[in-house]
There are 2 protein chains.
Amino acid sequence: MSLDHAILGFLQYGPSTGYDLKAIFDLSVQHFWPADQSQIYRTLSRLTAQGFVEMERVEQEERPDRKVYRLTPAGVEELQRWLTTPLPMKGGRSAQLVQVFFAAQLSDEEMLAIFRRAAEQCRAELAQLRAIPAEAATYREALDSPRDYFCWMLTLECGMNMTAAHLAWLESVIARIEQGELPRRR
Amino acid sequence: MSLDHAILGFLQYGPSTGYDLKAIFDLSVQHFWPADQSQIYRTLSRLTAQGFVEMERVEQEERPDRKVYRLTPAGVEELQRWLTTPLPMKGGRSAQLVQVFFAAQLSDEEMLAIFRRAAEQCRAELAQLRAIPAEAATYREALDSPRDYFCWMLTLECGMNMTAAHLAWLESVIARIEQGELPRRR
DNA sequence: CGCTAATATAGGATACGTCCAATATGTGAA
DNA sequence: TTCACATATTGGACGTATCCTATATTAGCG
């Protein structure tokens, strides 16, 4: 249940609405923990019921009331507890690797297409990740703690390293196939 | 719906029961597409209803009948179609990175613990991946096509590369924290 | 002799994620 | 003017994964 704790984590920076949370999710942790908007709202209700956050209704004219959530002491404690809890290494799923695994019956050209497409997507993702620090600057003041910022940048670095490594592998596979190292069909 | 297509992919090597499929899943594709046993059986029923596989009941004494599934022509076609379909790059989730992102409020020691634990898990996973080729040899004859085997080894290589890259990153973070590059709290 | 693992399948319950649509209105762009 | 987008929240439906339990028997180990 990491969405719960990610939300608690963000609320630790200060009170927020579901809408705010969605925005900061998309900017900062999306590449390793994407969050659906309706999922955020539902989780917020649950966290309230569990007593980890409190909600304050702020009335607005002509728009839906804002519901501003803040951490309770119990929420702070729960976050702390979770952060120091060892996590089981849950292997991610990759549909693309499933394609690779069964790609043997495709033609060489079709296989190359899979790898070239994947490489393109990697490059796009890398570009996206590289664009984050510029946008992050906006929030840097809000965060204000250089330690928080350091942690954020660590996750970014991880994402870029992983993507770069994946891209390197894809390119090496493409090169090998182009050099005819792929056994023939039949 | 990659589980569906992974099952179709394995059935392409020859008829199997749900039980057989579970075994080959765990050996070969588990590290990028783990499959739950009951999920396999349910998917098999659905694929039958959709006409992609056929079931033949093989009676056994003193044990539940084996249900042997085989691909239909429609199933072959569906597999081929899916293999050549571009996939949306679905970013994997990493609860560990969520911990890192919010780790700023932990002590240096607690942060180091997170990274050291993660590094340990990486090493364990690497060891597991390295053990696969030996077990794979059993199935090599069954697969018999060197092209299929090549694709299998590609996915293994990918897994090992990614894990190694992740480990390298973790070790570099540990080194940097130990050298005091992490900004202080408060 | 008892325990566990292997062979084989099935179903309920639950959590979690994703998509889509509805509600309401202001602002800026084409 | 029309269209999309930002603000803000909510709910239905569905797909997929995960967990647990039940059934039934054999083989091997200590």
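All chains are named by letter (A, B, ...) in the order of the sequence lines, taking the proteins before the strands, and each is independently numbered beginning at 1.
For the pair A:Asp36 CG and C:dA21 C1', the computed distance is 13 Å after rounding to whole Å. Taking atom CD on B:Gln39 and atom P on C:dT14, their separation rounds to 18 Å, with Å as the unit. Summarising the geometry, the separation between OH on A:Tyr19 and P on C:dG26 is reported as 16 Å, rounded to the nearest angstrom. The nearest whole Å value for the distance from the CD atom in B:Gln30 to the P atom in D:dT18 is 11 Å. D:dT18 atom C1' lies 15 Å from atom CZ of B:Phe25, rounded to whole Å. The distance between atom CZ of A:Arg46 and atom C1' of D:dT10, rounded to the nearest whole Å, is 16 Å. Atom CG in A:Asp4 sits about 12 Å away from atom P in C:dA15, given to the nearest Å. When rounded to the nearest whole Å, the span between CD of B:Gln37 and C1' of D:dC19 equals 11 Å.
A close approach under 4.0 Å does not occur between any side-chain nitrogen or oxygen of B:Tyr41 and OP1 or OP2 of C:dA10. For D:dT18, the OP1/OP2 oxygens have a side-chain nitrogen or oxygen of A:Arg93 closer than 4.0 Å. Between C:dC19 and A:Ser38, no contact under 4.0 Å exists linking OP1 or OP2 to a side-chain N or O.
Annotation: side chain of B:Cys122 is in contact with side chain of B:Leu170 (closest heavy-atom distance under 4.5 Å). At a threshold of 4.5 Å between non-hydrogen side-chain atoms, the residues B:Val29 and B:Thr155 do not count as touching. Two residues are said to be in side-chain contact when any heavy atoms from C-beta on lie closer than 4.5 Å; B:Trp169 and A:Glu157 meet this criterion. A:Glu54 places none of its side-chain heavy atoms less than 4.5 Å from the side chain of A:Thr48.
Formation of a donor-acceptor pair under 3.5 Å by the A:Asp20 side chain with backbone atoms of A:Thr17 is found in this model.
At the heavy-atom level, B:Arg57 lies nowhere under 4.0 Å from the strands shown. Across all strands, B:Ser45 comes closer than 4.0 Å to no nucleic acid atom at all (heavy-atom distances).
With no hydrogens or angles considered, no side-chain donor-acceptor pair links A:Glu125 and A:His31 at under 3.5 Å.
Nearest to the side chain of B:Lys67, among C:dA10, D:dT16, C:dA8, sits C:dA10. Checked against C:dC16, C:dA13, C:dC19, the side chain of B:Arg42 finds its nearest nucleotide in C:dA13.
Over its full length, the helix from C:dC1-D:dG30 to C:dA30-D:dT1 turns its helical axis through 30°, comparing axes from the five pairs at each end and rounding to 10°.
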Can you give me every donor-acceptor pair (side chain of residues 96-109 of chain A, partner residue at least two apart or in another chain, under 3.5 Å) with its distance?
unit_1: A:Gln96; atom_1: NE2; unit_2: A:Gln121; atom_2: OE1; d: 2.7
unit_1: A:Gln99; atom_1: NE2; unit_2: B:Trp82; atom_2: O; d: 2.9
unit_1: A:Gln99; atom_1: NE2; unit_2: B:Thr85; atom_2: O; d: 2.9
unit_1: A:Gln105; atom_1: NE2; unit_2: B:Gln12; atom_2: OE1; d: 2.5
unit_1: A:Ser107; atom_1: OG; unit_2: A:Glu110; atom_2: N; d: 3.1
unit_1: A:Ser107; atom_1: OG; unit_2: A:Glu110; atom_2: OE1; d: 3.4
unit_1: A:Asp108; atom_1: OD1; unit_2: B:Arg147; atom_2: NH1; d: 3.0
unit_1: A:Asp108; atom_1: OD1; unit_2: B:Arg147; atom_2: NH2; d: 2.8

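Place A:Trp33 and B:Asp20 on DNA chain C by their nearest nucleotides, and B:Asp20 ends up nearer the 5' end.
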